[in-house]
Colleague: 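First the structure, then my questions, so here it is.
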Amino acid sequence: SPLGEGVRIATRMRTYGSIRTRCPGGMHKGDKDLRQTVTISLVGVGFMCLVLGVVYDTFKEPRLDHPELVSSYVETTHFNKTKIYRAGALFSEMTCKLSSHINADNIDLYKDNLGQIWGSACGLNRGVFTLAKYPGKTFTCGALPDDWNCPNGVADLFTPGRDMKADLNYLEQYIGGVFNTTAGIGPATCDFNGVAQLWCGNDKYMPWRFTPWVKQLGGEPIRGVNVGGLFVLEPWIVPGFTDWGEKLRDQHTYCENKNMSMASKKKALENHWATYYTEKDFELMTKYGLNTARLPVGWWYFASATGLDYNPYIVPDEDIMSDLDHPITKTIKQAAKYGIHVILDLHGAPGSQNGLDNSGIRSMDPNAERWGDTWFYEPEYQKQTIRILETMTKYINMLNSNGIDNIILLELMNEPWVFGDMSIVRDFYVDAITKVRGINASLPILVCDAFRHEEWHWLLRRRGFNFTNVYMDTHLYHAFNPSDVASDNPHDDMMKQIVANDMACGYGSLLRYKTCSSLPTLTGEWSLAIDDCMKYLTGSTSDANQFQDFGQCKNLKARNTDQWNDLITDFAARQRAVFEKELGWVFWTWKVDDEANKDISAKLWSYSKAVEHGYFPKDLSKESNVVRSCDHPVDMTEIILPPPSANNRFYYKGH
């Protein structure tokens, strides 16, 4: 510590000052004066270090608000490699390896992948890389080691007559060399078009195998759906529930609507809670091979049990902490009856963590960057959220004591706003986990990354984050950013889908990075959409709405062809391929209401509709090795593209 270091420096300086200098002829008076001056100066400097050390120790923050973490803080002053004081692996502990399924017998199948590697990786690091086996030398794709016998560079690898096993060894050295030469390790550093993977230890490879719930799920990754729109109303999921629009835009405004009586609003909600999801939904989930449902809930359902005022929200009459007929409890019991396990997700936090209608109350601030600021910068809302989570943990304990034990994860909060300060979110997670673990020490916990990726590596390298059994939730959509959705003609529309299919596999590198550098990662939301054209998807208001018209909604009806169906089915498989190499996936959402089903885009957001259209198999358990779906890029020779024109009369093969 600085205090200890100050003492050591002062001690050393006093010792140095007392050393007697021996010179021929003895010591002169000037030498003694000089020695005294030096001694006084050095002691003075040492004393200042001591004082500064005391000041630092007095005012530093060892997180004494969590006494159970103080021992961890003290222990880290002396490094002990047997203890983990951070989440994730260090960069020095990561390597980039050739994928194990590639061998000398099948390398010919990956020539397209190799061609793309040479086209992209050869330009990295200014075209120069190093190899561990050849210290003191650098190489390029055109100048490889002499003993590789490649006078023409990488173009010679895997050509007829060469030793394929030797070339595979060279390829792995090349991949590792480029990775190790890269200055900053990031999500794309080990992205080599499906032939490589980031490695950080066996326990982080397909980490679902080491989770506490894996036996409950039959030795499979999480394969689930979200129960969207049931307990947190979203206009695009349940447009038939009420007349959504400028004034009625979320559950908050619905509940405080003065144009309806309290009795009629409550009756409508009670009917919704009782009928929108029934046992048949969970029975069908099981039939389709699903094993998990993520259940989004709002804070207001747990407010009374926490001592908070839930108004203006309308809540069930049943006591959530004791009455097993409470609508939320009944839904969890229905899931349990059919072997569906539950992720209980705090989707809406007090004050709204993101200003979206999915938090219960939508922000009308015209500047979207400020959405969520109320929760982020008013600490009282963070404290209330932690109190709600304590109550939710007690609720889970109550369910367990009544034999309802199918909740496998508690998610602390859905989608904190992407533009917020993530260090605030990190500190909230530490505080919340500490409180939750004080009530249930073994409860698995899920934290959401807020659509932020790389920074969680260093955000979780803090003293005190030595929790186990904590996992990361990320949401990967292709439907909202302008670069994802923009297309105003059939040609670009199909090209957008093809690029999305390949990007889905590229996300595998991102997910591997997240699991290695921070926490084992679950993709808790995703869809098949490549645009934001579903009615009310970005909100029911015209103001404070992020929808931008790039012409992306003009050609939706043109997608109803066999080729489009094949591309979307491939898109579904490629996404699941990378998700199942981590913790698994939870599709958003299981279903939309009858009114929403009239929308042409419903089949891209409703899992049950997507199964009807053949995008997902009717029984996932009978699907053959979906994790290999990303082995190859989309084969453009088999694609018939519309011409690059709005006039869609003719087609041609290839591009």
Colleague: Using distance only, find each side-chain donor-acceptor pair of residues 200-207 under 3.5 Å and give its atom names and separation, not counting sequence neighbours.
Modeller:
| unit_1 | atom_1 | unit_2 | atom_2 | d |
| --- | --- | --- | --- | --- |
| K204 | NZ | T515 | O | 3.3 |

Colleague: Can you sort out the partners of V578 under side chain to side chain contact (heavy atoms under 4.5 Å, CB included), two or more places apart, ordered by chain and number?
Modeller: L511, C630
Colleague: Among F571, W588, F579, find the one that has a ring-ring contact (aromatic ring centres under 6.0 Å, His included) with W526.
Modeller: F579
Colleague: Measure centre to centre between the rings of F241 and Y276, then say whether the value is under 6.0 Å.
Modeller: no
Colleague: Would you say the side-chain atoms of T589 pair up with the backbone N or O of G228, donor to acceptor, closer than 3.5 Å?
Modeller: yes
Colleague: With no hydrogens and no angle check, is any side-chain donor or acceptor of N358 less than 3.5 Å from a backbone partner on V232?
Modeller: no
Colleague: Kindly indicate whether a cation-pi arrangement holds for K333 with F282, taking the cut-offs as under 6.0 Å to the six-membered ring centre and within 45° of the axis.
Modeller: no
Colleague: Could you check if a side-chain atom of S629 sits within less than 4.5 angstrom of a side-chain atom of R576, using non-hydrogen atoms only?
Modeller: no
Colleague: How are the rings of Y507 and H478 set to each other: parallel, tilted or perpendicular (split at 30° and 60°)?
Modeller: tilted
Colleague: With side chain to side chain donor-acceptor pair (under 3.5 Å) as the rule and sequence neighbours excluded, what pairs involving residues 189-200 come up?
Modeller: Q116-N193
Colleague: Taking the six-membered ring where the residue is Trp, are the ring centres of H326 and Y395 under 6.0 Å apart?
Modeller: no
Colleague: Between the main-chain N or O of A486 and the side-chain N or O of K496, is there a donor-acceptor pair closer than 3.5 Å?
Modeller: no
Colleague: Are the aromatic rings of F231 and H347 close, with centres under 6.0 Å apart?
Modeller: no
